[in-house]
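Along the sequence shown, residues carry numbers from 1.
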Amino acid sequence: GFHDVCKGCSVNCCDTAYVIPDIIAFKRISGLLGIEHGEFISNYFQQEKLAAGLLRLEPNPCIFLKHKICSIYEVRSLICRFYICTPLQGETEELIYKISWAGAAATQLYAEKQGLIARNQNASLSSFDMLFYNLLNDYRTTDMVQAFLQANDYADIPLALFLPENDN
């Protein structure tokens with residue numbers, strides 16, 4: 001009921017964004033939909049990316065965008081929560097992306113360990129997909145990802161892990 005600003009959005013990130021939900025949002029969205037994680041992946045994620053072992057919600061527009069409004073707003077991913085219609089730069093932007101990437105890497109790792117997707121080293125990926133794949137790989141063994149995997153809620157994840165003096 002309070003989405004009038006969203007309806008008038010001219011940035012339209014929801015129309016094209018490359019969204020890999022963080023693990024907490026992944027579980028919450030699946031729960032909201034009332035489906036198992038595997039069914040969530042097969043019904044809501046881009047099939048060509050899955051074939052390459054990479055998660056990405058169906059884009060163009062986001063599969064959850066209905067009449068320019070997010071239909072899963074209360075359980076949306078961190079990258080969507082962090083997006084604000086104001087340019088961000090410097091340390092704030094770095095912090096947002098570090099947290100979002102750790103959460104996305106946790107989802108990727110969780111899906112692999114559960115046998116929901118398979119890492120396909122021989123898959124043909126675009127250079128953009130390779131960028132995402134390599135970033136996820138850079139994060140997968142960090143304490144930041146482990147914190148996401150062990151958390152039940154965002155409040156369970158220590159923010160200190162993401163600050164520059166604690167880079168791991």
Is there a donor-acceptor pair under 3.5 Å between the side chain of [X] and the backbone N or O of [Y]?
| X | Y | result |
| --- | --- | --- |
| Gln47 | Ser42 | yes |
| Arg81 | Glu74 | yes |
| Gln108 | Gly53 | yes |

Considering only heavy atoms from C-beta outward, does the side chain of [X] approach that of [Y] to under 4.5 Å?
| X | Y | answer |
| --- | --- | --- |
| Ile24 | Asp153 | no |
| Ile29 | Arg76 | no |
| Val145 | Trp101 | no |
| Lys98 | Met144 | yes |
| Leu33 | Tyr44 | yes |
| Asn152 | Lys27 | no |
| Phe148 | Leu78 | yes |
| Ile99 | Ile157 | no |

Locate the shortest heavy-atom distance separating [X] from [Y]; write the atom from each residue and the value.
| X | Y | value |
| --- | --- | --- |
| Leu65 | Cys70 | CD1-N, 4.0 Å |
| Lys66 | Ser71 | CG-CB, 3.8 Å |
| Tyr97 | Tyr139 | O-OH, 4.5 Å |
| Ala104 | Leu136 | C-CD2, 3.8 Å |
| Gln46 | Glu58 | CA-OE2, 3.4 Å |
| Leu55 | Ala111 | CD1-CB, 4.1 Å |

Neighbour count above 12 (heavy atom, 6.0 Å) for [X] [atom1]:
| X | atom1 | value |
| --- | --- | --- |
| Glu91 | CD | no |
| Tyr154 | OH | yes |
| Gln114 | CD | yes |

Residue pair Leu161, Thr142: steps toward the side chain to side chain contact (heavy atoms under 4.5 Å, CB included) verdict: CA-CA 10 Å; Leu161 289 173; Thr142 65; over 6 Å; no
Within 45° cone of Phe132 ring axis and under 6.0 Å: Lys49 NZ or CZ: no
SB check Asp22 Arg28 (cutoff 4.0 Å): no
At what distance, to the nearest 0.5 angstrom, does [atom1] of [X] lie from [atom2] of [Y]?
| X | Y | atom1 | atom2 | result |
| --- | --- | --- | --- | --- |
| Ile35 | Phe40 | CD1 | CZ | 6.5 Å |
| Thr107 | Glu112 | OG1 | CD | 11.0 Å |
| Phe82 | Ser77 | CZ | OG | 9.5 Å |
| Ile72 | Ser30 | CD1 | OG | 11.0 Å |
| Leu109 | Ile23 | CG | CD1 | 9.0 Å |
| Ser100 | Leu135 | OG | CG | 12.0 Å |

Parallel, tilted or perpendicular: rings of His37 and Tyr110 (30°, 60°): perpendicular
Audit row: Phe26, Ile41, side chain to side chain contact (heavy atoms under 4.5 Å, CB included) steps and yes/no: CA-CA 9 Å; Phe26 174 84; Ile41 289 173; 3.8 Å; yes
